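This report concerns only the one structure given below.
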Amino acid sequence: MSERRKQFPFDEFEPKWQARWETEKTFSVPNPGDPGFDASKPKFFVLDMFPYPSGAGLHVGHPEGYTATDIIARYRRMRGDNVLHPMGWDAFGLPAEEHARKTGEHPRLNTENNVNNFRRQLKRLGFAYDWDREVNTTDPGYVRWTQWIFLQLYNSYFDEATQKARPISELEAQDLGRDEIDAKRLAYVAEAPVNWCPDLGTVLANEEVEEWRAKGHAVERRPLKQWMLRITAYAQRLIDELDGLDWPEGIKLLQKNWIGRSEGALVDFAIGGEKVTVFTTRPDTLFGATYMVLAPEHPLVDRITTPEQKDAVEAYRRACAAKSDLERTDLAKGKTGVFTGGTATNPVNGEEIPVWIADYVMMSYGTGAIMAVPAHDERDYEFATQFGIPVIEVVQAPEGSTDTCFTGDGIAVNSGFLDGLPTPEVKARIIAWLEEKGLGTKTVNYKLRDWLFSRQRYWGEPFPIVWKDGRHEAIPESELPLLAPELEDYKPSGSPEPILSKAAAWVDLGNGVARETNTMPQWAGSCWYYLRYCDARNADRFMGKEAEAYWLAKNGKPGGVDLYVGGTEHAVLHLLYARFWHKVLFDLGHVSTPEPFQKLVNQGLILGEDGQKMSKSRGNVVNPDDVVAEYGADSLRLYEMFMGPLEQVKPWSMKGVEGVYRFLARVWRLVMETNQEGEWVLNAKLADTEPDKGTDKVVHATIKKVGEDIESMSFNTAISQMMVSTNELTKLERVPVSSVALLLQVLNPFAPHLTEELNATLAAAFPSLDAGELANRLWPVYDPAKLIEDEIEIVLQVNGKVRDKLFVANGAPNEEVETLALASEKVRSFTEGLTVRKVIVVPGRLVNVVAN
RNA sequence: GCCGACGUGGCGGAAUGGUAGACGCUGCGGACUUAAAAUCCGCUGAGCCUCGCUCGUACGGGUUCGAGUCCCGUCGUCGGUACCA
């Protein structure tokens, strides 16, 4: 784009103010005990989801949430709060490691470059971060405490009775063996099927598999020994404790569905001498179970398969093992399965039913075995009809139901002692019956799985664990942080052995002691970064007790982070993992609130100008640096807030950026004009005069609305109100400086550079302004008296349609307004020949004459 | 399939059950200028018999003096999730 004259010299004053904020540490906030700390001020902790510093640099999506929180932070600061508004880097991750593999450089170098670029870009946008609290998840001083928190998990177990984590030392004091103790730890080792990617030389998280497959890498399932975190122990609390949180209901629901609680029963079926337990949410349909299905991986399959069926079963299991999860869950292909030759005894009626294996039953959910009731389960129905298995109706559908397979509640039939009873009661009775006979129990099952916590990567936190005689053991806290050694090269080993196993000297500690070579996933660092901000330089604890007590204080609310803003992509995993860690720390007495994030707001995605998701391949990516260069940081900030509601998905528009740029130029020209030489000088229209009534009204209405809109995060309407008042002030022949100064105050959180610059100019030219809330940069207080109108416009309707308008004195009695309305010529012409049935007067608003 | 969010001008969007379209963009006309840019002013939902009237917030019903807003149903878009027994 061709260089053209800037409408105001943002390129001069923006860097100037940024430099000043940096050298004066304007936005650094003291902790309890620090000089200048004022305990009487309320705290406000406003948090952004910290970025992964990718090589691509800042995306326009980042400043959306960051500007929103910055406005809130600056506003709360003007209101007199101690505001904690920090930023940091989620800097471990695969891209930096991939870069290291290609270049042979240590991933730290690439990470540092990217962090420096991100920091530069963010500083250019003028965010009021306390940079003294910057954290980086890859810093040894940070890794140390991530590993320390891992050890808290490792050294704890979940006490079912109190539903809380307790120190493992309590078990050691009892007479438990080491195996029993290890089996109870919140961090434990288990053999688990993982997504192994040979090219990358690492295991991938489920949600990463598709991404790398799309790039042409093979990913296969392999059972490997893995570290797991016992998040399932917290399933119920993770559901229940959502209740008090000020989060979008949709996100709460998403988490609840992810955890997936379902109530049902475990029922024992006998197969020969063996026992198979199934999980069902419909124990009331037990009489309708006509077959049983085991997951192909079920351990009992080998023992119950008859010799005649052995070949078919083996072939089927091999076919399943080769399938990816995606292929296996492809619904469109219909059901497959093989008869094992064995039968199971239905405990309720002694019927022998065939036992099948089929991949529509997952080993990872419930018990990996189901009783199939084709009459009342659509999947079982599809399978049974395909394989010619009988269907027995045991729940009578209500009158009028046309479902071929009825899955709702009804009345029990063909169910012996349960016939005639409604479904909920049948459930209760059958469970009581099973429990009495010792054949089953009521139970609650969750979809949530324990968290697979180990990766075979280099660029992550090593586990603070050593192995001795086949057993794991924590290293002493004094040895933290445990950092990964430098490697000759960062290429994968090609085997599922973690990369760190290549560092033989680091791994082998002699005397048969070897280091754990797995590393932690990227989630580890992001699980607790918000805590570290509270006391980022503490060398003795993950955070100091005083800092914890102050910054997470409840202050009459549930406490924790007061406002957390970020994208929906973290609705489940990050937010669930962080809640889990926080609860463990809470149980162990390290933090004083059970939940980390009191209020959560999701910003909506910003699309390209074409309405498509921004991507390099579509060529619709907007680079914030370019926008800042052409229109300034204030314009970018303001535009992103003016686009529409924060939570909404919305397309970018360069024309829209120009619109807010023009608005800021108008504000600039309220204060400045160019002289003959083309230099910016004070606008001669500015006068130290009393504003007239109309001017006062619009300015005070703006103070009120902008304040309310910031509180409700309706930034777009706040900006439009400031546009209205700017347009009003621009029209004046003599512009009262006090009115301009008030406008600049409320605009300050949105466009801090421009307003600071103009404020400084005004204060120098009009010393009278240099007093009170304006001089102290406090949020102005509006005067309600100035909002009151002498005359109010009343809309006159006939049968709900607007026919006329009229001005009445503010506070005129309803009778008077009604008389005036009925006297209106327009109203009379529209009621001519009709009878007035009713007159509705809404004080200060309208009159509706009902006539027919 | 299930769960969730949302359907308002040419576009982004605004409207405690009370004047639909604030504010911004686009477009058109005008002022300034030798000219252009920038700036400033006016108009900009549709239709008509253009004083003014009628229609209009995805569609069909309902509640109400009054519905974009509340209720029921339908269609559509987006997001999440998926054989979870």
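Please read these numbers as outputs of a predicted model, since none were measured by experiment. The figures here come from the full heavy-atom set of this structure, side chains too, leaving out hydrogens, waters and symmetry mates. Letters A, B, ... are given to chains in the order of the sequence lines, protein chains preceding strands, and every chain is numbered from 1.
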Go through [options] for me and flag the one nearest to the [X] side chain.
| X | options | value |
| --- | --- | --- |
| A:Phe642 | B:C65, B:A22, B:G24 | B:G24 |
| A:Ser720 | B:G12, B:C40, B:A22 | B:A22 |
| A:Val850 | B:C65, B:A85, B:C23 | B:C65 |
| A:Lys838 | B:A38, B:C65, B:C83 | B:C65 |

Heavy atoms only, 4.0 Å cut-off, all strands: where does [X] land among base, sugar-phosphate and nothing?
| X | value |
| --- | --- |
| A:Leu254 | sugar-phosphate |
| A:Leu846 | base |
| A:Val842 | base |
| A:Glu793 | base |
| A:Lys655 | sugar-phosphate |
| A:Ser653 | nothing |
| A:Pro248 | nothing |
| A:Arg449 | nothing |
| A:Arg837 | nothing |
| A:Asn716 | sugar-phosphate |

Does [N] have its OP1 or OP2 closer than 4.0 Å to a side-chain nitrogen or oxygen of [X]?
| X | N | result |
| --- | --- | --- |
| A:Gln797 | B:G18 | no |
| A:Arg662 | B:A38 | no |
| A:Gln648 | B:G13 | yes |
| A:Lys6 | B:A37 | no |
| A:Arg803 | B:G52 | no |
| A:Asn727 | B:G24 | yes |
| A:Asn257 | B:G80 | no |
| A:Arg666 | B:C40 | yes |

Roughly how many Å apart are [M] and [N], using the [atom1] atom of each and rounding to a whole number?
| N | M | atom1 | answer |
| --- | --- | --- | --- |
| B:C23 | B:U34 | P | 34 Å |
| B:C59 | B:C3 | C1' | 24 Å |
| B:G24 | B:A14 | P | 15 Å |
| B:G29 | B:A22 | C1' | 24 Å |

Open item on the list: Check whether A:Gln648 reaches the backbone of A:Gly604 with its side chain - one donor and one acceptor, N or O, closer than 3.5 Å.
Closed with: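 Checked: no pair found.
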
Task: Any donor-acceptor pair under 3.5 Å from A:Asn848 side chain to A:Gly800 backbone - done: yes

Task: Pair A:Phe10 and A:Trp668, ring centroids less than 6.0 Å apart - done: no

Task: A:Tyr291 and A:Phe383 aromatic centres sub-6.0 Å - done: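 Close enough - the centres of the two rings lie under 6.0 Å apart.
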
Open item on the list: Just to verify, which of A:Thr67, A:Leu638, A:Asp634 counts as forming a side chain to side chain contact (heavy atoms under 4.5 Å, CB included) with A:Phe750?
Closed with: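 For A:Phe750, the side chain to side chain contact (heavy atoms under 4.5 Å, CB included) test succeeds with only one of A:Thr67, A:Leu638, A:Asp634, which is A:Leu638.
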
TODO: Determine the sole option in A:Val746, A:Val724, A:Thr726 for which the side chain to side chain contact (heavy atoms under 4.5 Å, CB included) test with A:Thr702 is passed.
DONE: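 Between A:Thr702 and the candidates, side chain to side chain contact (heavy atoms under 4.5 Å, CB included) is satisfied uniquely by A:Val746.
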
- [ ] Please evaluate the base of B:C83 for a donor-acceptor partner in the side chain of A:Lys335 within a cut-off of under 3.5 Å?
- [x]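 Checked by distance alone, the answer is yes.
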
Open item on the list: Whether the side chain of A:Lys805 and the base of B:U19 hold a donor-acceptor pair under 3.5 Å is what I'd like checked.
Closed with: yes

- [ ] Please determine, for B:G52, whether a Watson-Crick or G-U wobble partner exists with both distances under 3.5 Å, and give it or none.
- [x] B:C48

- [ ] Count the heavy atoms belonging to other residues, nucleotides or ligands that lie under 6.0 Å from CZ of A:Arg828, then report whether that count exceeds 12.
- [x]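 12 or below, so no.
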
